[in-house]
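Note sheet for the following structure.
Computed from a prediction, not measured in an experiment: that's the story for all the values here.
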Amino acid sequence: MKVFEKERINIYKLQKSIIKYLICYLILFFIPIVVPAILTSIPYISYINKYNQIIIGVIVNITLIRMAITSKSYLSLIIGCVLPSLSALPFGLVGTISLSFVYSCFMMPFIWLGNLSLVLIFKILFCNKKMNYAIVSTIALVTKISLIYIPFCIISYGIELIPTSFIKFNDMQLAMSLYQTITLSLAEFSNISFAIKYQKLSNYERL
C-alpha cells in the first residue's frame, strides 16, 4: 500500500509540475501577442500601445524570475527564455517582411542570452548560494542589460548591421537599454516577497 501511495504522490507532483510549466510557457509566449492586441482595441488609450513593451517586459521578467526560483530543471528555463521572442516570428513572416522585423531578428540571440543570464543568476546565486535578493537582483540587472545593449551598440555603431539612419533606430535603442532596465527593475521589485518566502522555506516544493 505504501508503494502505491508513494507512486500516486509522485504522479500528482509530476502532473502539478507539468501544469505549472504549461502556464508559464503560455504566459511567456502569448503575452507579447495579447497585450498589444488589447491595448490597440481599447478606445482613448491607444497612446499607451507605444509603451506596451514595458507592460510585456514586466510580466515576462516576473515569470522568468519565478521559474528560476521554483524550477529544478535547467531545460525548462532555457525553453522559457526563448519563448517571448519566438512569439513574434509567425507575425513577422506573414506578408512583407519589414526592416524592423529583420533588425529585431539580429538581436534575438542576445535577448535569449540576456534572459538566460537572468534565470541562471537567480537560480545559482539566490536559490543555491542563498545570496541576498537585492545583491542578486543588481547582478542580474547589470548582466542582462550588458548582454543585450553592448551587442546592440556593436551591431549598430560598430559593424553597422543595424544602420543608425533607420527610422525606428531610436525606438530600438530604447527597447534594448532603458526599457530593459525599467522592466527588469519593476519585475525584481514585484518579486521581492515571493522570493523571500521561498528562500526562508527550507523544504519547499520545486517544480
CG of Leu120 to SG of Cys127, rounded to nearest 0.5 Å, is 11.0 Å
Kindly compute the distance separating OG1 (Thr70) from CD1 (Ile65), expressed to the nearest 0.5 Å. 11.5 Å
Indicate the atoms forming the closest heavy-atom contact of Ala187 with Asn61, along with that distance. CB-CB, 3.4 Å
Ring pair (Phe, Tyr, Trp, His ring centres under 6.0 Å) involving Phe189 - partner list, sequence neighbours excluded: none
Residues in side chain to side chain donor-acceptor pair (under 3.5 Å) with Gln173, at least two apart? Tyr149, Tyr157
Does Leu125 form a side chain to side chain contact (heavy atoms under 4.5 Å, CB included) with Lys130? I'd like the steps, not just the answer. CA-CA 6 Å; Leu125 298 184; Lys130 307 298 182 183; over 6 Å; no
Go through the steps for Tyr198 and Phe194 under the test ring-ring contact (aromatic ring centres under 6.0 Å, His included), then give the verdict. CA-CA 7 Å; Tyr198 269 81; Phe194 176 86; 4.7 Å; yes
How would you list, by chain and number, every residue that makes a side chain to side chain contact (heavy atoms under 4.5 Å, CB included) with Ser185, sequence neighbours excluded? Leu141, Thr181
Verify side chain to side chain contact (heavy atoms under 4.5 Å, CB included) between Ile69 and Lys123, making sure each step is shown before the conclusion. CA-CA 6 Å; Ile69 292 173; Lys123 178 73 176 172; over 6 Å; no
Excluding sequence neighbours, so at least two apart, what forms side chain to side chain contact (heavy atoms under 4.5 Å, CB included) with Pro109? none
Shortest non-hydrogen pair, Ser190 vs Arg66, comes out as O-NH2, 4.4 Å
Rounded to the nearest 0.5 Å, what separation is found between the CG atom of Leu64 and the CG atom of Leu28? 5.0 Å
In terms of hydrophobic clusters joined by side-chain contacts under 4.5 Å, are Ile154 and Ile148 together? no
Gap separating the CG atom of Leu184 from the CD1 atom of Ile145, nearest 0.5 angstrom: 6.0 Å
Run the side chain to side chain contact (heavy atoms under 4.5 Å, CB included) check on Phe166 and Met172 step by step: do they pass? CA-CA 10 Å; Phe166 175 51; Met172 284 195 69; 4.1 Å; yes
Please tabulate, for the side chains in residues 74-84, all donor-acceptor contacts under 3.5 angstrom to protein atoms that are two or more places apart in sequence or on a different chain.
{"from": "Ser76", "atom 1": "OG", "to": "Tyr21", "atom 2": "OH", "distance (Å)": "3.4"}
{"from": "Ser76", "atom 1": "OG", "to": "Ser71", "atom 2": "OG", "distance (Å)": "3.0"}
{"from": "Ser76", "atom 1": "OG", "to": "Ser73", "atom 2": "O", "distance (Å)": "2.7"}

Inspect the surroundings of CG in Leu22 and state if more than 12 heavy atoms from other residues, nucleotides or ligands are less than 6.0 Å away. yes
Determine whether a donor-acceptor pair (N or O, by modelled atom type, separation under 3.5 Å) exists between the side chain of Glu160 and the backbone of Ile155. no
Side chain Thr183, main chain Gln180, donor-acceptor under 3.5 Å: yes
Report whether Ile182 and Leu174 are members of the same hydrophobic cluster (ILVMFWY, side-chain heavy atoms less than 4.5 Å apart, transitive linking). yes
Distance only, no hydrogens: is a donor on one side chain within 3.5 Å (strictly under) of an acceptor on the other, for Asn115 and Lys144? yes
Taking ILVMFWY side chains as joined if any heavy atoms are under 4.5 angstrom apart, and letting links pass through other members, which residues group with Val142? none
Interatomic spacing from CE in Met107 to CG in Leu113 - rounded to 0.5 Å: 10.0 Å
Heavy-atom nearest pair, Tyr103 first then Leu161, reads CE2-O, 3.7 Å
Under the side chain to side chain contact (heavy atoms under 4.5 Å, CB included) test, which residues partner Tyr133, sequence neighbours left out? Phe122, Phe126, Ser137, Glu188, Asn191, Ile192, Ala195
Measure the spacing between CG of Leu147 and CG of Leu118 and express it to the nearest 0.5 Å. 10.5 Å
Nearest heavy-atom pair of Phe169 and Pro163: which atoms, and what distance? CD1-O, 3.7 Å
For Leu26, which residues count as a side chain to side chain contact (heavy atoms under 4.5 Å, CB included) partner, sequence neighbours excluded? Phe30
In terms of hydrophobic clusters joined by side-chain contacts under 4.5 Å, are Ile111 and Ile150 together? no
